[in-house]
Amino acid sequence: MDIIAKVIRIDLDLYILNVEGTDKIIAAKLRGNIKKKENVLVGDMVRVEQAGEDYMINSVLERNNSLIRPPVSNIDQMIIVVSVGAPVPDYILLDKQIVLCMSKNITPIICVNKIDLAQDDETAKNDIEYIKNVYGKLGIKIVYTSAKQKQGLEELKELLVGKTSAFSGNSGVGKSSITQEILDNAEELLEIGDIGKKSKRGKHTTKSVNLYTLENNTYILDTPGFSSYELYDIEHKDLRKYYIEFEDIHCTYDDCMHVIEKEDVCAIKTKVQDGTIDKGRYERYVYIYEKLKEKYDRKYK
Ligand SMILES: Nc1nc2c(ncn2[C@@H]2O[C@H](COP(=O)(O)OP(=O)(O)OP(=O)(O)O)[C@@H](O)[C@H]2O)c(=O)[nH]1
Ligand SMILES: [Mg+2]
Ligand SMILES: [Zn+2]
């Protein structure tokens with residue numbers, strides 16, 4: 001009888017799996033036909049066969065999505081952490097992360113951290129307002145947390161249940177502090193550690209990608225060293241597809257990029273003028289578009 005399991009870590013040629021619907025952790029090897037390493041990613045659902053004491057991975061189930069850096073698949077949602085107070089929100093990075101989510105069919109959730117610093121800080125209060133007005137209006141879920149004062153963490157935890165979530169955000173916003181709080185009572189962490197010891201590979205463990213398992217098919221991606229996710233495979237011409245507020249707005253020409261076109265033919269520009277579309281979001285769109293175009297031109301010209 002085949003077992004379905006999720007890859008939560010890869011230790012050299014050993015695949016650490018969580019058996020679907022249970023908290024059982026097993027270690028398996030790859031069947032020869034899928035021997036090439038890049039064919040199995042952390043996050044993959046795999047079909048496993050038990051042969052005596054050993055488990056063999058026979059095949060990988062179809063992926064919902066996959067990323068190159070970090071190499072991981074089947075991410076359901078991205079918790080994009082921004083902090084009010086040091087460091088202040090980097091809105092270009094925030095928009096890029098939302099674009100990445102939209103392009104990979106990942107649900108973006110914004111976590112506004114360090115709200116404890118906002119009390120007497122006008123800039124922080126303005127940022128909180130701006131995020132609520134602009135990103136909340138796009139239908140993006142926003143949670144407010146203080147890892148320091150343990151606020152908002154229960155609400156965030158509830159959003160994680162039954163999902164595979166990745167945390168992202170620039171350095172210093174509090175990703176590690178938040179995940180630490182959330183993982184504090186996760187017993188399964190110990191189990192994962194035990195398997196590492198049993199296989200005597202602890203010292204060689206690839207630390208790059210790791211899924212922490214919580215209860216109820218809940219996984220958190222931990223990628224030390226990765227603070228942002230790059231728009232590595234998005235072309236400038238496709239960028240407009242990933243802006244929620246551009247949906248259902250039609251310009252005179254179908255191939256309008258909303259950058260150099262004049263207002264009389266670009267409906268997006270008109271909406272920016274009348275305030276329906278946030279000016280900052282639009283200006284950052286143009287900035288990101290130009291950057292992606294430069295990259296494209298360098299590659300193909
Ligand atoms: N005041 C306040 N400080 C916080 C909060 N959360 C984290 N910090 C502090 O912010 C600093 C950075 O937190 P980290 O959790 O290391 O941030 P990170 O996002 O993991 O940063 P990188 O690992 O560099 O990407 C630390 O000094 C934390 O103690 C918070 O809610 N309030
Ligand atoms: Mg960190
Ligand atoms: Zn246009």
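Counting convention: from 1, in listed order, for ligands and their atoms alike. Starting from 1, each residue takes its place in the sequence as its number.
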Point to revise | Nearest candidate to atom 19 (O) of ligand 1, where distance is taken over non-hydrogen atoms, out of Lys150, Lys175, Gln149 | key: Lys175

Check your understanding: Who's closest to atom 2 (C) of ligand 1 heavy-atom-wise, of Ile115, Val112, Thr179, Asp116?
Key -> Asp116

Ligand 1 and [X], any nitrogen or oxygen pair closer than 3.5 angstrom?
X	value
Gly172	yes
Thr145	no
Ala147	yes

Check your understanding: How are the rings of Phe246 and Tyr243 set to each other: parallel, tilted or perpendicular (split at 30° and 60°)?
Key -> parallel

Closer than 4.0 angstrom, basic N to acidic O: yes or no for [X] and [Y]?
X	Y	value
Asp90	Lys96	no
Lys293	Glu290	no
Glu155	Lys141	yes

Sub-4.0 Å atoms of ligand 1 with respect to non-hydrogen atoms of [X]:
X	value
Ser146	31 (O)
Ser176	15 (O), 18 (P), 20 (O), 23 (O)
Leu117	1 (N)

Of the backbone atoms (N, CA, C, O) and the side-chain heavy atoms from C-beta on, which set of [X] has a member under 4.0 Å from an atom of ligand 1: side chain, backbone, both, or neither?
X	result
Ile178	neither
Val81	neither
Val173	both

Study note, to complete from the structure: Minimal heavy-atom distance between Lys269 and Val259, with the atoms involved, is NZ-O, 2.7 Å

Review point. Below 4.0 Å from any atom of ligand 1, is there a heavy atom belonging to Gly169?
Key: no

Point to revise | Close side-chain approach of Ile75 to Asn65, heavy-atom, < 4.5 Å | key: yes

Review point. Is any side-chain heavy atom of Ile3 less than 4.5 Å from a side-chain heavy atom of Leu17?
Key: no

Study note, to complete from the structure: Row for the Zn ion (ligand 3): angle SG (Cys251) to SG (Cys256), 10° precision, value 110°

Review point. Is the NZ atom of Lys125 crowded by more than 12 outside heavy atoms at less than 6.0 Å?
Key: yes

Check your understanding: For Asp278 and Tyr130, what are the C-alpha separation, side-chain angles and deciding distance, and is it a side chain to side chain donor-acceptor pair (under 3.5 Å)?
Key -> CA-CA 10 Å; Asp278 178 63; Tyr130 181 76; 2.5 Å; yes

**Study point:** salt bridge (Lys or Arg N to Asp or Glu O under 4.0 Å) evaluation trace for Glu245 with Lys271
**Key:** CA-CA 10 Å; Glu245 62 269 67; Lys271 298 273 183 196; over 6 Å; no

Review point. Does Ser176 bring an N, O or S atom to within less than 2.8 Å of the Mg ion (ligand 2)?
Key: yes

Study note, to complete from the structure: the Zn ion (ligand 3) -> His258, closest N, O or S atom is ND1

